Each structure stands twice: as C-alpha cells, then as structure tokens.
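Start at 1 and go down the list; that is how both ligands and their atoms are numbered. This one's a predicted model, so the numbers in the text were calculated from it and none came from an experiment.
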Amino acid sequence: MSSSLFPSPRRVAVLVPLALPEPYDYEVPEDMEVEPGSYVIVPLGAQLLVGVVWGEGASGLEAKRLKPIAEVLDVTPMPEGLRQFIDWMAAYTFNARGSVLRLAMRAPGALEPARVRLVYRLTDTRPARMTPARERVVEAVSDGFARSIREIADEAGVSDGVVRGLVEAGTLKAHEMSAEAEFPQIDFEAHGKPLSGEQAAAAQVLCERVKAEGFAALLLDGVTGSGKTEVYFEAVAQALRQGRQALILLPEIALTSQFLERFEARFGVRPAEWHSELSTRERARVWRGVSEGRARVVVGARSALFLPFAELGLIVVDEEHEAAFKQDEGVNYHARDMAVVRASLGAFPIVLSSATPSLETVVNVEQGRYERVALTERHGVAEMPVITAIDMREAPPERGMWLSPVLVREVAAAYVAGEQSMLFLNRRGYAPLTLCRTCGHRIECPQCSAWMVEHRFRRELVCHHCGYTSAIPKVCPSCHAENSLVACGPGVERIAEEVTERFPEARVAVLSSDNLRGPQSHEDAFRAVEAREVDIIIGTQIVAKGHHFPWLTVVGVVDADLGLENGDLRAAERTFQLLQQVAGRAGRAERPGRVYLQTYMPEHSVMRALIAGDRDAFLAREAQARERVKLPPYGRLAGVVVSSEDAGLAQKWARELARAAPNAEDVAVLGPAPAPLALLRGRTRIRFLVKAGRNVNIQAYMQAWLEPLKVPGRVRVSVDIDPYSFL
Ligand code: ADP
Ligand code: ZN
C-alpha cells in the first residue's frame, strides 16, 4: 500500500491519543508515504504528538491551512482490526476515540526503534602487527559467533582496548543485533496431557470452532478443578497450528507464576506476559513482538486486549465472571464484553471460561448467542467439597473472637491430621472501623466518605479508596478522651491474631495484597503453601482464585454475609461466585474438602444454593428477579457521576443535568443523588442512573442529553455504560 490510496491533495485523518472524539486532517508531504494505520508524528497546537493515520482526510479545511505530518515512524502500522475495534468501543462505551486509542498506545518506547547492540565477528583481514594478546582475541572469536567487545575481552582475557584495536585494523567487523530477547518458539504439538473423555470432547468442540475461522462465542462451563485450563490450551494450540496468534485474558491476580508454569508445561516455553507489573522495557518488547507477529501467545490482564495483534485467531477469557475485568476509572469498559466484540469484528472464536459464569453469559447461552461446553467432573479422584453453613446465632464465637467453636474444631482436626486449612475474609487490615467509646466518633478519611481501616502490622490507619494514611491516634480526635478508641470488626490481621492465640504452634500465613507486594512475594507465599510450610492460611480474595493447594482440606469463610451488605444489583450473584470459588480451593487432590460458611442468614438463597450445590437453580431465580424489574441483562443501565472539588459547583451541575435530561420512551433517569461514596479524593460526587429497555440505544440517549451541555473544566461528568460499581 502507498500514499496513492489517498486522493490528492494528499490529506489524511490522524487520530491522536488524547480525549478527542475525532481525528484531525493533516497534509502528507510530497516525499512521504503513509498508509492507514501508520504511526506518525504530527503537530497539535504547540506540541508534537504520535498519532495514527485513521483514514482519508475529510474536512473541508482549505489545503493551505493543513499542517503537514512531521514524520512517519518505522513500525508496523496498526492493524485494521484494532482500528475498527477502537472505533466501535469508543462509540459503545461513550468515550472519545482518542481516549480509547491511548489504551492501545500504552507502551512507551515501543514506537522508538528497537534497541540494538553492536556485536563483532572475525574477518579475513589480519593486523599488520600481531601480539600475543591479539592472538588470543582471534582465537576466541574464531568459532564464528558474534560477541560484544566486553564479551570478547573477557573471553580472551585482554583489555577492551586490545579488542578495539582489532576493530580499527579491520580484523573484527561490527554487526547490529537486536538487544531484546527473542520470543522463544512455542512447541504446540508436544506436552499435551492425556485428556479424559469429557475433556477431550470439550476440547474438540473448541478446536473445531477455531478451525472454522469464523466468529463463535463459547462458554466453557466446568466445576473448579475440572481441567478447563487444559481444555482451552488445546484451542490455543489449534489457533497456533493455523498460524494465528492467541490471547488469554486473566484477572490480574490470577496471573500467577503457577499459571505461567502450567503454560510452560504444555507449550515448552513461557508465553509473553502483559500486566501492570511489567517494566517499561518489557512492555515495549511485548508490544513490538505482538505487532510484528513474533509473539504468538499473550497471557495478560484486561489491557492486553488493546495490543496490536495482526493475526489474532482466538481469545480466551478465563474467570469470565470476574468483576476485575471491568475498568471503572478513566475509560470505563468491560474487558470480557469488549473481547467478544473484538472477536466478532475479527471473525474468530472466543472462549469464556468459568466455574461460576456470570448471569449475562448464562442468558446469552440460553438465548442461543453463545454455545455452552460443559465439564461436570473434577479431574482424577478429587471430589467436590461438602459445604455446610454455621449458623452464627446458634454457635456464636466467644466475646471478642470471630471464629465459631464449630469452625475452630474443624481447623484443629485438619491441623492434627497434618492437613491445611484456609480462613477466608475479604477484608484487608486489622479492623474496618475505629470508634470512640466515649463520644461515638468514627475515624473517617478526610478526603473520602469512608472509614479509615486499621492496619496494625503497619501501625497506621489507611483509606482503602485513596490511600491516605495517618498514625493511630492515642486520644479521640473529637472528644480527646484517652484510651477510648476501639477497633470494630475483623480484618484478616485480626483473624490471624485469633488463630495465633488458639493455635500457638501452627504455622500461619496471611495472604493479602498488603503482605504480598509484587509477583515475587506472591510466588514465595504460594510456594510455601504448596510445600506444606504453612498450616493455616488466612486470606483475602487473593487466595480465592485458581490456586491449586493439594493439601488444603478445610476452608472456613469468616463472614459469608459480607458481600450481601452493599445491596447492589449483583450482590447476590457476586457473593455466590466468590464463595463458590473459595470453596473450590478445598479438596483438590486425594483428600476430600470441607467448607464452612459462617453466616447469620443460613436461609438466604445464596447460602442455600451453595450448600445444595445448585448453581443453576440459583441463576434461574436471579434471572427471574432481574427480568421482572428489567435490570441487566434484561435492560440497559448507564451510570453518570458529576464530580468537582467544589461541592456547590457539583450540585449546581447535577441540577443542570437533571433539567436537561430528555424524555424518551422506555428510558428513566434516576437521580441526582449523593453517591454512596459522596466524597472521593476530595471531590464531591453526585450520581444519576439511567435505566432503559433492551432495545433502547442508550448511547444515542446519552449523546442527546450530555452533548449540548457546556460543563466547565472544574466539573467532571463521567459516563459508565453497563456499570458494575454503584459507589
Ligand atoms: P479448572 O481450571 O477447571 O479449575 P484446572 O485446569 O486448573 O481446572 O485443573 C485442575 C487440576 O487438575 C490441575 O492441577 C490440572 O493440571 C489437573 N488436570 C486437569 N486435567 C488433567 C488431565 N487430563 N491430566 C492430568 N492432569 C489434569
Ligand atoms: Zn480516602
């Protein structure tokens, strides 16, 4: 392709990664060649920015007023599939196209020429004057391999100067070599585990869809431990066999070394990774590798969806029900839903994998849009764990304690038998609330409407919303009473305190994001558990996912009711999913698992479904309830948050918005109301919720509503299509 694709005068539309809805036109200078997708440097105001050629120039702007493109970068142009996807996603999520483009350009350095290093090889020329040191150099490089000056000097045992002398003399010749590690060749024909009959049948369906090279959405629905990973690895192998690339999306916390090792066990090498812990240099390497087709499989967190795959032929979304796939800041999007769109635009299959699929996905299966492939049995001899509720009204913990005697007995039994147990509580820190016994004052974050959480190990109070920290006060900040502040409620640290008191001999590990910073400490902690160096694990949701601990037999959920408190539309569904995942950690090998739910509501439908193991009945009831009130997936929602550091201004604009909301059939605008998090990082927040029928074009409604409003810069109006958070 050349610039002749564009009619003269040569002008093209260039999209820049800023919050701008449309590309701008630029002139292509005489001697420059660009094509759709080319990365170019263009002037915008006083700046020079990297943008992407989006298509033909369109504006009626006079040719002489167009600014010329400054430079074309020497990188593979952005594939058409990705550009289409960015356009589609921007329109759907109600974001500026430039903002979505920015997600696809988050690899600083990737657009610069790849770093090269100079290496040297022996030529036929010999220096006029030979010395023993020079002899040694010639000897060292006579095997024909290229090496850096440093390496040659080391091997020959000479100074750098001697080597440089030989370069000058023409005895060694410089070559450029990529300084980046290459992506190792994936061996997709080897190492496959022999699959069970059920697994093989599932893998075959997946592979057939991959072979067909058309869009298909599949739900791989299998109980925890049934081998879903092994099965979708076969689909990945099939995509590779067909010369396509594959992407496996995981919630960030499931992207563990355990997972990468399983990949390696199947494919012989580690995949390319993409997540927030990557160094800038590694990001650039992966981005380029994907774009040039050298990286064939990427395992990544949600933002991997925006990598410039040219030959993508399969996406797998593991743990598809996970709320972590929803991004709630900046550009709001649901990576699972957007992955389905990317597959559909690119005409290739997508596999959604889960033991507890989301209601959205289950309804898509029922309505025939997705195909369900089921795995009903755990692999090998492992049985599903037995789940029991502990009614906390009947078997309450002792005063100041949090574990029921029933649970304590089970943990003790496991400990005596040399097995591991795990206590799950999805709450970091020591106590979620600090209260003054004298005046009733609760310590809140000064910038957020949220309680400060005590972290006793760190000896401070922390806001979990904005990260603000303060020392634990000695006197009440309000009434100045001494020794009057008490910690209310438990976090994992407090449970650890109780466990240590009850089982002083036991080896206890607290696994939460506060104790595990970075992948290495994760790895160390999980390895210690696998190696049976830990007897009792106390963990937040970090332990709920994907880990395989063969010696873990007892799981205790400290507060099974916790997730039900916030009452949003998915509270029951999410609690069910989370507890089912946690329960799935128990009894994954020879020894059967037992799970105990501490609850004050054993009659709640979530507890009953968990105990009976009747997921489908639970989902059916949830579906009915949502259908009755036309909530997703039977209706559409959009959240709108008006926020400002100036509370008065936020209120004024919330009223403006309320006045401006157009009337439309089957659309209701609820609000304005103070958001549950009415103050966040010093900004006052006011919420609207738009509720519409399934057939309403909610984006068009939002456009008609919000576009005419000229909101000042100090007020932010953020729109969240298909919201998951209502805070
Ligand atoms: P899921 O993802 O469904 O929870 P996994 O894929 O993690 O299940 O499998 C659970 C465990 O069983 C893993 O340790 C896995 O290696 C093992 N496993 C599953 N299928 C097989 C198989 N066909 N042969 C050997 N091991 C298997
Ligand atoms: Zn805060």
Side-chain angles (χ1 to χ4, degrees), residues 191-204 206 219-236 248 250-251 254-256 258-267 299 316-322 351-357 373-385 429 432 442-453 455 460-470 526 530 544-552 577 580-590 593 645 675-685 727:
H191 310 298
K193 290 200 168 93
L195 299 181
S196 71
E198 189 182 56
Q199 289 174 337
Q204 198 190 340
L206 266 46
L219 168 63
L220 180 58
D221 181 359
V223 296
T224 48
S226 58
K228 295 185 289 297
T229 316
E230 307 296 334
V231 168
Y232 71 63
F233 277 170
E234 292 314 302
V236 169
I248 302 174
L250 289 170
L255 221 169
T256 56
Q258 211 178 30
F259 183 87
L260 298 171
E261 278 160 18
R262 285 184 66 181
F263 186 95
E264 191 171 359
R266 170 65 182 85
F267 293 104
V299 173
V316 175
V317 183
D318 201 349
E319 312 281 7
E320 69 88 28
H321 61 278
E322 261 302 312
V351 175
L352 309 180
S353 175
S354 177
T356 52
V373 179
L375 295 174
T376 57
E377 296 154 7
R378 278 197 157 180
H379 172 72
V381 294
E383 299 277 331
M384 291 308 287
R442 298 158 172 219
I443 301 186
E444 279 196 19
C445 172
Q447 318 184 69
C448 306
S449 27
W451 296 332
M452 296 290 282
V453 177
H455 284 246
E460 55 190 8
L461 299 176
V462 182
C463 171
H464 284 182
H465 292 284
C466 73
Y468 175 86
T469 58
S470 71
F526 290 125
E530 269 178 79
K545 313 277 139 63
H547 302 291
H548 188 61
F549 298 140
W551 287 90
L552 179 64
Q577 286 161 346
Q580 181 83 33
Q581 291 286 334
V582 175
R585 298 308 111 214
R588 287 172 68 96
E590 287 79 20
E645 286 180 359
L677 255 174
L679 193 65
L680 180 63
R681 296 186 187 97
R683 298 178 75 90
T684 297
R685 303 168 74 246
L727 291 179

Steps toward side chain to side chain contact (heavy atoms under 4.5 Å, CB included) verdict (Met452, Tyr468): CA-CA 9 Å; Met452 296 290 282; Tyr468 175 86; 3.5 Å; yes
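- Remark: Glu377 engages no residue in a salt bridge (charged side-chain N to carboxylate O under 4.0 Å, His left out) (not counting sequence neighbours).
- With hydrogens and angles ignored, the 3.5 Å screen pairs no side-chain donor or acceptor of Lys193 with any backbone N or O of Arg266.
- Listed by number with element, the atoms of ligand 1 under 4.0 Å from a non-hydrogen atom of Thr224 are 4 (O).
- Among Gln581, Arg266, Glu230, the residue whose heavy atom lies closest to atom 16 (O) of ligand 1 is Glu230.
- Between Gly225 and ligand 1, an N or O atom pair is found at a separation short of 3.5 Å.
- Distances from atom 9 (O) of ligand 1 to the heavy atoms of Gly584, Gly227, Ser354 put Gly227 nearest.
- Proximity of a side-chain donor or acceptor of Glu198 to a complementary backbone N or O of Thr376 within less than 3.5 Å is detected.
- Shown here are the salt bridge (charged side-chain N to carboxylate O under 4.0 Å, His left out) partners of Glu460, two or more places apart in sequence or in another chain: Arg458.
- Of the candidates Gln258, His379, Glu319, His379 brings a heavy atom nearest to atom 21 (C) of ligand 1.
- For Asp318, there are no salt bridge (charged side-chain N to carboxylate O under 4.0 Å, His left out) partners at least two apart in sequence or on another chain.
- A donor-acceptor pair is defined here as one N or O able to donate and one able to accept, closer than 3.5 Å; such a pair exists between the side chain of Gln199 and the backbone of Ser226.
- Protein atoms that are N, O or S and lie under 2.8 Å from the Zn ion (ligand 2) are these: Cys445 SG, Cys448 SG, Cys463 SG, Cys466 SG.
- With hydrogens and angles ignored, the 3.5 Å screen pairs a side-chain donor or acceptor of Ser449 with a backbone N or O of Ala678.
- Nearest to atom 20 (N) of ligand 1 by heavy-atom distance, out of Gln199, Glu198, Lys228, is Gln199.
- Under the 3.5 Å distance criterion, the side-chain polar atoms of Arg585 are left unmatched by any main-chain donor or acceptor of Leu552.
- Numbered from 1 in the order shown, with element, the atoms of ligand 1 that lie under 4.0 Å from a heavy atom of Val223 read 3 (O).
- Residue Pro194 has at least one N or O atom closer than 3.5 Å to an N or O atom of ligand 1.
- For the ligand labelled ligand 1, residue Leu375 lies outside the 4.0 Å heavy-atom shell.
- Residue Gln204 places its CD atom among 12 or fewer non-hydrogen atoms of other residues, nucleotides or ligands, all under 6.0 Å distant.
- Smallest separation of non-hydrogen atoms from Arg681 and Cys466: CG-CB, 3.6 Å.
- For a threshold of 3.5 Å applied to N or O pairs, the pair formed by Arg262 and ligand 1 contains at least one separation below that value.
- In the vicinity of Ser226, heavy-atom distances shorter than 4.0 Å reach the ligand 1 atoms 1 (P), 3 (O), 8 (O).
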